[in-house]
Amino acid sequence: MVLSDRTIRELVSAGKIVIDPLNEADIQPASVDLHLDAKFLVFRNSRYPYIDVRQKQDLTELVVIEGDNPFILHPGEFVLASTLERVALPNDIVARLEGKSSLGRLGLLIHSTAGYVDPGWDGHLTMELSNVANLPITLYFGMKIGQLSFLRLSTPADNPYGSQKLSSKYQGQAEPTASRFYKDFER
């Protein structure tokens, strides 16, 4: 069941769901609006001839926008960015990250496959931004970028994200984080 605004407020007040910072105006009927941070990981195509998922490769460069300057996402471009907010979930709640429909109507996609937030998660969410429009799109620090909805599990997870048993690769991330898929081959 998707949590309502009332339940979201109750769980935030009780400290069970953490969204920091949180403005009350960002709580929607069944979601919470999230904002864009100032850091982006931009792919540098000249570093490697291809991506080898088994190898640790330095594929990206950190770009930080300052003040009111926009980050310009060009058509067909793919970058990683993160939410301004830190999100922490209890062991019995999952979340879904979705784009804002107004931005989607401009051609901005905020995730390819990483819209799911596991129970036990704690950190800033990395988004996979793509511009599928024919014109560049400006992105600004602090703008609304997505919305997070919450669902209750039937029982608390036995091994929530971050558990030692899971070898969670992204717990506690504070900025956009490149893929660590290569670690799956180290086990």
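All values below were derived from every heavy atom in this structure, side-chain atoms included, with hydrogens, water molecules and symmetry-related copies excluded.
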Approximate separation, where rounding is to 0.5 Å, of Ser179 OG and Glu128 CD | 9.5 Å

Atom CG of Asp58: over 12 foreign heavy atoms under 6.0 Å = yes

Hey, is the main chain of Lys39 close enough, under 3.5 Å, to the side chain of Asp37 for a donor-acceptor pair?
-> no

Within the distance-only criterion (no hydrogens, no angle test), does the side chain of Glu77 pair as donor or acceptor with the backbone N or O of His74 below 3.5 angstrom?
-> yes

Pair Gln28, Asp5: side-chain N/O donor-acceptor within cut-off below 3.5 Å = no

Would Val32 end up clustered with Met143 when hydrophobic side chains under 4.5 Å apart are linked, directly or stepwise?
-> yes

Using a 4.5 Å cut-off on heavy atoms from C-beta on, say whether the side chain of Leu148 contacts that of Arg96.
-> no

Ring geometry between Phe71 and Phe40 (parallel below 30°, tilted from 30 to 60°, perpendicular above 60°) = parallel

All heavy atoms of Phe181 vs all of Tyr170, minimum pair found to be N-OH, 4.0 Å

Are Ile72 and Ile137 joined in one hydrophobic group, where the rule is that I, L, V, M, F, W and Y side chains link up if heavy atoms are under 4.5 Å apart?
-> no

Does the side chain of His35 come under 3.5 Å of the side chain of Glu85 through a donor N or O and an acceptor N or O?
-> yes

Looking only at heavy atoms, what is the nearest atom pair of Ile51 and Leu59, with distance?
-> CG1-CD1, 3.9 Å

Look at Glu24 together with Arg9 and state whether they make a salt bridge at an N to O cut-off of under 4.0 Å.
-> yes

Rounded distance (nearest 0.5 Å) linking atom OG1 of Thr138 with atom CG of Leu73 = 10.0 Å

To the nearest 0.5 Å, how far apart are CZ in Phe150 and OG1 in Thr7?
-> 11.5 Å

Interatomic spacing from CG in Leu125 to OH in Tyr116 - rounded to 0.5 Å | 13.5 Å

Counting only N and O atoms by type, is there a donor-acceptor contact under 3.5 Å from the side chain of Glu98 to the main-chain atoms of His111?
-> no

How far apart are the C-alpha atoms of Ile27 and Leu22, what are their side-chain angles, what is the distance that settles it, and do they pass the side-chain contact (heavy atoms from CB on, under 4.5 Å) test?
-> CA-CA 9 Å; Ile27 300 176; Leu22 175 63; 4.2 Å; yes

Residue pair Leu97 / Met127, side-chain heavy-atom distance below 4.5 Å | yes

Run the numbers on Leu108 and Ile145 for side-chain contact (heavy atoms from CB on, under 4.5 Å), then give the verdict.
-> CA-CA 9 Å; Leu108 179 66; Ile145 193 72; 3.8 Å; yes

Shared hydrophobic cluster for Val64 and Tyr140 (ILVMFWY, side-chain gaps under 4.5 Å) = no

Between Leu62 and Tyr48, is there a shared hydrophobic cluster once you connect ILVMFWY residues whose side-chain heavy atoms come closer than 4.5 Å?
-> yes

Walk me through it: do Thr155 and Asp92 pass the test side-chain contact (heavy atoms from CB on, under 4.5 Å)?
-> CA-CA 6 Å; Thr155 64; Asp92 63 345; over 6 Å; no

Determine whether the side chains of Ser82 and Gln173 contain a donor N or O and an acceptor N or O closer than 3.5 Å.
-> no

Please name the pair of heavy atoms, one in Val94 and one in Pro119, separated by the smallest distance, quoted to 0.1 Å.
-> CG1-CD, 3.3 Å

Heavy-atom nearest pair, Lys100 first then Asp33, reads NZ-OD1, 2.8 Å

Checking Ser31 side chain against Ser149 main chain: does a donor-acceptor pair fall under 3.5 Å?
-> no

Got Leu84 and Leu36 here, is their nearest side-chain heavy-atom distance under 4.5 Å?
-> no

Give, for atom CD1 of Ile65 and atom CG of Leu139, the distance between the pair rounded to the nearest 0.5 Å.
-> 7.5 Å

Look at the side chain of Ser168 and the backbone N and O of Tyr161, then say whether any donor-acceptor pair between them is shorter than 3.5 Å.
-> no

Tyr182 versus Arg180: any side-chain heavy-atom pair under 4.5 Å?
-> yes

Enclosure of Asp68 CG (heavy-atom neighbours >12, cutoff 6.0 Å) = no

Path from Ile110 to Phe78 over hydrophobic side-chain contacts below 4.5 Å | no

Would a 4.5 Å heavy-atom cut-off, applied to side chains only, mark Leu129 and Leu80 as touching?
-> no

For residues Lys169 and Asp184, report the shortest heavy-atom separation together with the two atoms involved.
-> NZ-OD1, 2.8 Å

Which heavy atom of Pro90 sits nearest a heavy atom of Ile17, and at what distance?
-> CD-CG1, 4.1 Å

Do Asp26 and Gln147 come close enough that some side-chain heavy atom pair is under 4.5 Å?
-> no

Compare all side-chain heavy atoms of Pro160 with those of Trp121 and state whether any distance is below 4.5 angstrom.
-> no

The reported gap from CG in Asp118 to CG in Asn159 (rounded to nearest 0.5 angstrom) is 11.0 Å

What's the verdict on side-chain contact (heavy atoms from CB on, under 4.5 Å) for Arg44 and Val42, showing C-alpha distance, side-chain angles and the deciding distance?
-> CA-CA 6 Å; Arg44 297 300 180 209; Val42 178; 3.6 Å; yes

Under 3.5 Å, is there a donor-acceptor pair between the side chain of Asp20 and the main chain of Arg86?
-> no

Neighbour count >12 (heavy atoms, 6.0 Å) for atom NZ, Lys16 | no

Backbone of Glu175 reached by a side-chain donor or acceptor of Thr177 within 3.5 Å = yes

Taking the side chain as C-beta and beyond, is there a heavy-atom pair between Asn134 and Pro75 under 4.5 Å?
-> no

